[in-house]
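Since this is a predicted model, take the numbers as computed values, not measurements. What's counted below: heavy atoms across the whole structure, side chains too, no hydrogens, waters or symmetry copies.
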Amino acid sequence: MRRVIAIALASLLNAAAGDFAVLNLKVVEGEGMTYALGSRATRGVTVEITDESGRPLADVAVSFRLPEEGPTGTFSNGTRTDVVTTKQDGRATIWGMKWNRTAGDVALRITAAKSGVRAGIISAQHLSATAELAKSTSVSHGGSHTKLLYVALAVAGAAGGGIAFGMARKPSTAAVSPTVPLSVGNPSVIVGAP
């Protein structure tokens with residue numbers, strides 16, 4: 001009887017612990033995004049947590065941590081660390097990071113933990129001065145205007161290159177000859193047959 005109670009208690013504890021031995025953690029959105037220096041992230045990083053059979057896990061604590069120095073930023077809570085809990089679909093999202101003004105790769109450390117089981121991954125983000133330049137030259141009416149601007153610049157550049165190529169291949173109509181100084185030597189007189 002005691003053995004049956006012990007087995008039932010062990011089964012109950014395993015069910016309460018989530019009945020999983022492995023947490024699978026993967027970034028499903030926001031990996032490798034490039035942001036302008038000093039900007040705020042308008043897109044988030046979403047991770048998905050599943051068990052060893054691929055079943056999404058709810059109520060998993062997911063910690064997001066930005067580097068202390070170099071290319072980094074802060075979360076909307078003003079710190080470099082924030083914790084989000086997964087929903088029924090096993091996903092957790094963090095967004096609204098305020099990036100600093102140091103260009104380079106940002107290693108966002110992500111750790112998931114539930115019932116003593118942990119998993120971790122690093123998501124790469126990128127801070128770029130070039131992205132800041134593109135952002136400042138874009139038209140504020142939306143992405144299609146920005147694309148139009150890029151196409152117009154590409155066409156203008158190609159036209160300029162074509163003109164330069166044509167000018168290089170066309171022979172010049174106004175040839176300039178080098179200037180040679182004229183000099184007159186001593187006159188000589190020849191008498192008779194040479």
Side-chain angles (χ1 to χ4, degrees), residues 9-147 150:
L9 183 58
S11 296
L12 187 60
L13 288 175
N14 282 342
D19 199 25
F20 59 89
V22 175
L23 289 177
N24 294 313
L25 170 62
K26 71 177 179 177
V27 178
V28 293
E29 290 179 23
E31 176 68 25
M33 293 295 297
T34 299
Y35 294 100
L37 301 178
S39 69
R40 185 169 296 278
T42 55
R43 295 195 55 178
V45 176
T46 301
V47 295
E48 183 178 59
I49 314 297
T50 58
D51 64 10
E52 60 271 8
S53 68
R55 181 183 58 153
L57 295 174
D59 302 319
V60 177
V62 181
S63 169
F64 296 87
R65 182 174 178 85
L66 290 165
E68 291 298 320
E69 56 188 33
T72 189
T74 57
F75 293 107
S76 58
N77 64 7
T79 67
R80 298 197 197 290
T81 303
D82 204 352
V83 178
V84 180
T85 304
T86 59
K87 298 185 179 2
Q88 293 295 359
D89 62 357
R91 292 185 175 202
T93 301
I94 191 86
W95 62 278
M97 291 76 81
K98 174 71 175 145
W99 303 113
N100 69 3
R101 295 195 162 276
T102 304
D105 294 327
V106 178
L108 175 60
R109 294 181 180 277
I110 305 168
T111 306
K114 184 172 182 175
S115 304
V117 181
R118 298 173 63 95
I121 194 169
I122 294 178
S123 174
Q125 307 296 309
H126 188 75
L127 304 183
S128 170
T130 307
E132 188 170 80
L133 177 62
K135 179 182 159 192
S136 67
T137 59
S138 68
V139 179
S140 62
H141 295 293
S144 63
H145 289 86
T146 303
K147 289 178 189 173
Y150 289 140

To the nearest 0.5 Å, tell me how far Ile94 CD1 sits from Ser123 OG.
12.0 Å
Set of side-chain contact (heavy atoms from CB on, under 4.5 Å) partners for Thr74, sequence neighbours left out
Arg80, Lys98
Here the pair of heavy atoms bringing Thr34 nearest to Ser128 is CG2-CB, 3.8 Å
Any side-chain heavy atom of Tyr35 sitting closer than 4.5 Å to one from Arg43?
yes
Nearest 0.5 Å, what's the CD1-CD1 distance between Ile110 and Ile121?
6.5 Å
Flag if over 12 foreign heavy atoms under 6.0 Å of CD, Glu52:
yes
Short question: side chain of Asn24, backbone of Asp51 - any donor-acceptor pair under 3.5 Å?
yes
CG of Leu108 to CD1 of Ile122, rounded to nearest 0.5 Å, is 9.0 Å
Indicate the atoms forming the closest heavy-atom contact of Ala92 with Val84, along with that distance.
CB-CG1, 3.9 Å
Side chains of Asp105 and Pro71: does their closest heavy-atom pair fall under 4.5 Å?
no
Interatomic distance, CE@Met97 vs OG1@Thr72, rounded to 0.5 Å, equals 10.0 Å
Would you indicate whether the side-chain heavy atoms of Thr102 and Leu37 approach each other to under 4.5 Å?
no
Quick one: do Arg65 and Thr111 satisfy side chain to side chain contact (heavy atoms under 4.5 Å, CB included)? Show the steps, please.
CA-CA 8 Å; Arg65 182 174 178 85; Thr111 306; over 6 Å; no
On a heavy-atom basis, which atom in Leu25 and which in Val47 lie closest, and how many Å separate them?
CD1-CB, 3.7 Å
Please find the pair of heavy atoms, one from Thr50 and one from Gly54, that lie closest to each other, and give the distance.
CG2-O, 3.5 Å
Given side-chain hydrogen bond (donor to acceptor under 3.5 Å, both in side chains), test Thr46 with Glu48 step by step and report yes or no.
CA-CA 7 Å; Thr46 301; Glu48 183 178 59; over 6 Å; no
Does Asn100 use its side chain to pair, donor to acceptor, with the backbone of Gly70 at less than 3.5 Å?
yes
Between CH2 on residue Trp95 and CG on residue Asp82, distance to nearest 0.5 Å:
12.0 Å
With side chains defined as the heavy atoms from C-beta onward, is the minimum distance between Lys114 and Ile49 less than 4.5 Å?
no
Is the backbone of Pro56 close enough, under 3.5 Å, to the side chain of Gln88 for a donor and an acceptor to pair up by distance?
no
How about Val83 and Phe75: do any of their side-chain heavy atoms sit closer than 4.5 Å?
no
Separation between CD (Glu31) and CE (Met33), nearest 0.5 Å, reads 10.5 Å
For a quick test of reading the model, state the closest non-hydrogen atom pair linking Ala21 to Val117 and the distance between them.
O-CG1, 3.7 Å
